[in-house]
Structure formats: C-alpha cells, structure tokens
Novice: 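Sharing a structure, written as structure tokens. Questions coming.
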Amino acid sequence: TLPRTEQAPIFSASSQPPQTSAAPRPLADLASLAAGNLWLLWLCGALGLLLRKITIYQSFMRYIKAGLTPVFDLERLAQLAITAAQAGVRAGEEAGVGGPVELCVNPLVSSPMLIGFFHPCIVLPRADYSAQEFQYIALHELTHHKRRDICYKWFVQITVCLHWFNPFVWLMGRETDRFCELACDEAVLGGLMPEERRTYGDVLLRAASAAVDFCPDGMGVVTMQRGGKLLKGRLEAITEYKKRSGWMNLLSLILAVAAAGS
C-alpha cells in the first residue's frame, strides 16, 4: 500500500483565520476596576481619615490629662458655680449650664480650654488669675459648653471625613473654629457693659501673649485663644460690637434656614 501523505488543510473562502488574543491593557483595566469600585475608594479614604483624627485626638487628650491637677479652692469653685448660672441665663434659659463642670490646672497648656464630652472640664494654664479674669475665662468656656460647640466641631470633622474629596468641605472645616469663637464672643458680650467688653478683650490679649497653638486642628477642644489672625478678628468684633435687635436675629435665622435648604 502506498504511504498516506499529509495534506495541508484547505480553507474555504468563508472560513476565517484563527484569531489572536488582544494585547493586554493594564491601565485601562485598572481604570475600569477603579470606576466600578468608587464606593470602596471613598470608604477607605473616609475611614482612614477618621481613624487618623481619632488617634490624634486620643494622643492629645492623654497629653493633657497627664498633667491635670484639680482645683480645690472653695472660693474659686463657688465663683465657677455662679458664672455657670450666669451662662445659662445669658443663653435664654432659667437653668444653669446643666451639669457639673470640673476645674483643673495644667501648666503644659498655654491657653484656657474646655475638654470632655460627658465630663466637661475647664483647663487653666495657671491658678493665679484674678477674680475678674477668671470670671471672663469661665464665662467664655461655659458658653462653649452650653452651646455644645464640642459636639458641633466633631460633627463638622465627621462631615470632612465623609466628603474628604471635596476641597470646599475642608475649607468649611477650617472656618468652623473662627465662627465658633466669634459666636461665643458675641454671646458673652451680650451680657457685658461697654467697659467690661474692653476688659474682656484685654483678657484675650493676655492669653495670646503666652499662648502657643499646639491643639490639633478641628478636634473636640475649644480654646480661648487660637491664632493671631483669629485673635485680631475677634478683637475687632469686640470693639465694633453692637447688640442685634430681634428683627436682625429673625433675619439671620431665615437666612440660615434658606442656606441649609439650598
């Protein structure tokens, strides 16, 4: 028998040549993967930023609490209780601040501050303030506590974490401190006479002369003095302060509601 010869395959006109695999496109695949998992990128950024803020805050609080010394001066504690009642009346309520507020001294801080969510504490850099100086310092910090400014500042920081990709939200977070202090000053000045306002401004200046801004930005701490630029604006607001009428307060409320709903 004759040997069988191998014949080359014959392709018809309708048959197509074998297809070769497409060239790999790693950049395109990576972009497609990222586009399909944007929620995961947002979540990682939000959680990472929130954990960083909490870690910095806890480290700062350990630093502050390490040097705290409670104040046991009965005269000073009595003055704090009277000032707390005044802060409640100036906020338009019959009750005082609504809970005990501790008073401590820590020479590691350079400016009076309010710390604590559930156990608020006013921290002073020294204990030898005059009675008038202490009254204005306590009134300022108690007004912060009465207005729940610590909670509001943390709410803003959580908003920054959720919208970490939005530069306007970061700007809002930085401006929170300024508006918080200006609003607190306005609430305090509402119950002061013109000559007392000048003394209140002097207390701010004396606090600024020894203050070193070491608080973490935007954390749940309110200090009486923060930054030279902010201090200048506060002093100008104190000098030009005019008590707003009821119509102005109503107009401000309407504008705030309109801005929130827009």
Side-chain angles (χ1 to χ4, degrees), residues 46-65 68 80-81 83-104 106 109 111-124 137-164 166 168-191 213-227 230 234 249 252-253 255-257 259-261:
L47 290 179
L49 184 59
L50 180 61
L51 289 176
R52 179 179 178 273
K53 289 181 178 293
I54 292 176
T55 302
I56 294 175
Y57 172 75
Q58 290 177 337
S59 177
F60 176 76
M61 292 302 296
R62 285 194 297 267
Y63 173 79
I64 295 298
K65 292 181 178 180
L68 283 182
L80 177 63
T83 307
Q86 294 176 353
V89 172
R90 294 181 187 192
E93 302 178 5
E94 294 296 331
V97 172
V101 179
E102 298 182 7
L103 181 64
C104 296
N106 187 343
V109 304
S111 175
M113 63 178 60
L114 175 69
I115 62 173
F117 286 102
F118 306 106
H119 303 286
C121 177
I122 297 176
V123 182
L124 303 175
I137 291 172
L139 185 58
H140 180 91
E141 301 301 343
L142 289 170
T143 302
H144 275 304
H145 175 57
K146 189 70 177 178
R147 297 162 65 95
R148 301 292 187 267
D149 286 339
I150 290 179
C151 297
Y152 294 148
K153 291 180 71 172
W154 266 109
F155 176 77
V156 170
Q157 293 308 307
I158 293 175
T159 304
V160 170
C161 293
L162 294 177
H163 297 269
W164 56 267
N166 190 340
F168 294 103
V169 177
W170 284 88
L171 178 61
M172 177 196 68
R174 287 197 299 267
E175 290 293 307
T176 300
D177 284 343
R178 185 170 71 90
F179 289 119
C180 181
E181 293 301 327
L182 290 175
C184 183
D185 287 338
E186 183 179 8
V188 172
L189 293 173
D213 192 5
F214 69 105
C215 295
D217 290 336
M219 294 293 97
V221 177
V222 285
T223 64
M224 190 169 184
Q225 193 281 327
R226 186 150 193 182
L230 174 58
R234 292 173 64 186
N249 291 329
S252 300
L253 178 61
L255 292 176
V257 172

Novice: Taking atom CD1 of Ile158 and atom CG of Leu49, what is their separation to the nearest 0.5 Å?
Specialist: 11.0 Å
Novice: Please give me the minimum heavy-atom distance between Leu142 and Thr83, naming the atom from each residue.
Specialist: CD1-C, 3.8 Å
Novice: Nearest heavy-atom pair of Pro112 and Ile137: which atoms, and what distance?
Specialist: CB-CG2, 3.6 Å
Novice: Looking at His140, Arg148, Arg147, Glu141, which one forms a side chain to side chain donor-acceptor pair (under 3.5 Å) with His144?
Specialist: His140
Novice: Let me confirm one number: the SG-CG distance from Cys184 to Leu114, rounded to the nearest 0.5 Å.
Specialist: 9.5 Å
Novice: Does some side-chain heavy atom of Leu162 sit less than 4.5 Å from a side-chain heavy atom of Leu50?
Specialist: no
Novice: Only counting residues at least two apart or in another chain, list the ones meeting side chain to side chain contact (heavy atoms under 4.5 Å, CB included) with Leu47.
Specialist: Leu43
Novice: Could you check whether any side-chain N or O of Trp170 sits under 3.5 Å from a backbone N or O of Val160, counting only pairs where one atom can act as donor and the other as acceptor?
Specialist: no
Novice: Is any side-chain heavy atom of Leu80 closer than 4.5 Å to one of Ile122?
Specialist: yes
Novice: Taking all heavy atoms of Pro120 and all of His145, pick out the closest pair and write down the distance.
Specialist: CG-CE1, 3.5 Å
Novice: To the closest 0.5 Å, what do you measure between OG1 (Thr55) and NZ (Lys53)?
Specialist: 11.5 Å
Novice: Looking at every heavy atom in both Asn106 and Tyr63, which two are closest together, and how far apart are they?
Specialist: ND2-O, 4.3 Å
Novice: Taking the side chain as everything from C-beta on, heavy atoms only, tell me whether Lys153 gets closer than 4.5 Å to Ile150.
Specialist: no
Novice: Taking all heavy atoms of Cys151 and all of Phe117, pick out the closest pair and write down the distance.
Specialist: SG-CD2, 4.3 Å
Novice: For Cys121, give me all partners under side chain to side chain contact (heavy atoms under 4.5 Å, CB included), at least two apart in sequence or on another chain.
Specialist: Glu102, Cys104, Ile115, Val123
Novice: Quick check for you: to the nearest 0.5 Å, what is the distance between Thr176 atom OG1 and Asp149 atom CG?
Specialist: 10.5 Å
